[in-house]
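Just so you know, these numbers use all the heavy atoms, side chains as well, and skip hydrogens, waters and symmetry mates. As the structure lists them, so they are numbered: ligands from 1, and atoms in each ligand from 1. From a predicted model like this one, the values you see are computed outputs, not experimental measurements.
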Amino acid sequence: MRAPYQLRNVLVREEGEGPLVVLVHGYPLDGDMWEEVSRRLASRFRVLRPDLPSRRDTPHPMQPTMAEYARWIAAVIEAAGGKAGVAGFSMGGYVLFELLRQKPQMVTAAAFVDTQAGPDTPEGREARNRSLATAREMGPTAVSEAMIPRLLSKQGRSDPALVGRVRAMVRRQNPNSLENDVLAMRDRADSIPSLPSIAAASLVVVGSEDAITPPEKAESIARAIPGAKLVRIEGAGHLSPMERPEEVATALGELFSKPAG
Ligand code: MLT
């Protein structure tokens, strides 16, 4: 891997040569969640794994909205050549829906990984407010203990090395970024109406044991985007890119190798 670089004070990791691929991480994580997938894709693609702003010690003043996060990913793509295949995991998928509304011409192919298109329900917004309180009052350690059982499948939770990597990643996050993410997710737009107009070749990936964005959510995205393909990873939980990187990389590699239509 080449040395990570900073764009507007935010960390971007890069490896490989070939068509540009950008992997957008979820909450409460950072670009390292894609490490194993990226390593596999890097034999054929130039892969960027940007952090979203304000992770760890890379503060960046911004409004905590998905639209602003998407403008940041657009800036990363612009600086790297202007067009990319983009995969968004969970919150990264919410960012990708925004990017497709803002700059559809930038996205040569789109992968929605363990995500959903609808907005939060009123009960979901209440749960976000409780998560905000946890992040503010108790910090990243409490967030990691609350999230790990939901991020990983039963099998994933029985792998101490995997649990240790996820725990360390959540715990090193800047409390500010956790709050920003929760606000951005709570107030995100409904992306269901825009699904039929997505013209980029699209893939939807979901772990069969995803407890946060279960398979029905993925199936409804795949039904609504014209020509979208659905890949279900049996036994994987929400964090399928870390639990089953081989299968996720294979599905993404196939999508991103297709000539742009
Ligand atoms: C994520 O994995 O990015 C979040 O858990 C998604 C969410 O809470 O809506």
Could you tell me, atom by atom, which parts of ligand 1 come under 4.0 Å of a heavy atom of Y94?
6 (C), 7 (C), 9 (O)
Give a yes-or-no answer on whether the side chains of S191 and R101 include a donor-acceptor pair shorter than 3.5 Å.
yes
Are the ring centres of Y94 and Y69 closer than 6.0 Å?
no
Can you find an N/O atom of R188 closer than 3.5 Å to an N/O atom of ligand 1?
no
Please identify which atoms of ligand 1 are closer than 4.0 Å to at least one heavy atom of M147.
5 (O)
Got a salt bridge between R40 and E246, using NZ or NE/NH1/NH2 to carboxylate O under 4.0 Å?
yes
Less than 4.0 Å between a side-chain N and a carboxylate O, is that true for E209 and K154?
no
Please report which non-hydrogen protein atom sits nearest to atom 8 (O) of ligand 1, along with the residue it belongs to and the distance in Å to one decimal place.
R128 NH1, 2.9 Å
Can we say R13 and D51 salt-bridge, meaning some charged N sits less than 4.0 Å from an Asp/Glu carboxylate O?
yes
Under 3.5 Å, is there a donor-acceptor pair between the side chain of H25 and the main chain of D32?
no
Using the ring of each side chain (for Trp, its six-membered ring), is F45 parallel, tilted or perpendicular to F256, with breaks at 30° and 60°?
perpendicular
Is the contact between R186 and ligand 1 made by the side chain, the backbone, both, or neither, using heavy atoms and a 4.0 Å cut-off?
neither
Give a yes/no on ligand 1: does H25 have at least one heavy atom closer than 4.0 angstrom to it?
no
Taking 4.0 Å as the limit for heavy-atom contacts, which would you say applies to R150 with ligand 1: side chain only, backbone only, both, or neither?
neither
Mark up the atoms of ligand 1 that fall under 4.0 Å of a heavy atom belonging to G26, in ascending order.
3 (O)
Would you mind listing which atoms of ligand 1 come within a distance below 4.0 Å of any non-hydrogen atom of H238?
1 (C), 2 (O)
I want to know if ligand 1 touches M91 in the polar sense, i.e. an N/O pair below 3.5 angstrom.
yes
Could you go step by step and tell me if E254 and K229 meet the salt bridge (charged side-chain N to carboxylate O under 4.0 Å, His left out) rule?
CA-CA 11 Å; E254 192 180 301; K229 179 177 174 190; 2.8 Å; yes
Quick note on ligand 1: atoms under 4.0 Å from a heavy atom of S90 include exactly 1 (C), 2 (O), 3 (O), 4 (C), 6 (C)
